[in-house]
K.L.:
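First the structure, then my questions, so here it is.
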Amino acid sequence: ENAAEALIRRIYRLFPGLTIETSVDNGPSDLGTKCTFQYPDVPAQGGPVTRQGYFRVLPSFGELKTFLSQPMPLEDPSTIMVNAVTVVVGPQAFKVEKEGFYSSDAELTEMIKETEAMLRGASA
């Protein structure tokens, strides 16, 4: 939980109004955290828009399809699509025996293709 909060604070460190709330905590590599933030700039019309973010840690890549098939725990009262979702997959995502700098490139490339297909299906 602390590592997820530290990463969110790192990502959104320049964004004002950051609040963080843990919503799912099923142990290591299975954590969901909601946050709210605003962009540092102020729009020309109206005031700053409060955005929501959802940060999800999954134990394996196989869990991603299940996660994407469920409704996101985000609200968008402004109806201008201002929310963000970040998914981090746990250390068991790759099946390589030797961990090196390029050891997971082939698997990662395949995971990217699968993820793009899942996202296209979810948005249809």
K.L.:
Nearest 0.5 Å, please: how far is CZ in Arg56 from CD in Glu63?
P.N.:
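If I round to the nearest 0.5 Å, the distance is 8.5 Å.
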
K.L.:
Could you list the donor-acceptor pairs under 3.5 angstrom formed between side-chain atoms of residues 7-17 and any protein atom two or more places apart in sequence or on another chain?
P.N.:
{"unit_1": "Arg9", "atom_1": "NE", "unit_2": "Glu5", "atom_2": "OE2", "d": "3.1"}
{"unit_1": "Arg9", "atom_1": "NH2", "unit_2": "Glu5", "atom_2": "OE2", "d": "3.1"}
{"unit_1": "Arg13", "atom_1": "NH1", "unit_2": "Arg10", "atom_2": "O", "d": "2.7"}

K.L.:
What pair of heavy atoms forms the shortest contact from Ser60 to Val89, and how long is it?
P.N.:
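Shortest heavy-atom separation between Ser60 and Val89 comes out as C-CG1, 3.5 Å.
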
K.L.:
Set out, in order, the CA-CA distance, both residues' side-chain angles and the distance that settles side-chain contact (heavy atoms from CB on, under 4.5 Å) for Asn83 and Val85, then state yes or no.
P.N.:
CA-CA 7 Å; Asn83 296 329; Val85 175; 6.0 Å; no

K.L.:
Can you name the side chain to side chain donor-acceptor pair (under 3.5 Å) partners of Gln38, sequence neighbours left out?
P.N.:
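Expected list: Thr50.
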
K.L.:
What's the separation between atom CG in Leu64 and atom CG in Leu58, rounded to the nearest 0.5 Å?
P.N.:
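That separation rounds to 6.5 Å.
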
K.L.:
Which heavy atom of Gln52 sits nearest to which heavy atom of Thr36, and what is that distance?
P.N.:
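So the two residues come closest at CG-CG2, 4.1 Å.
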
K.L.:
Partners of Thr66 by side chain to side chain donor-acceptor pair (under 3.5 Å), sequence neighbours excluded?
P.N.:
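With neighbours one apart ignored, the set is empty.
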
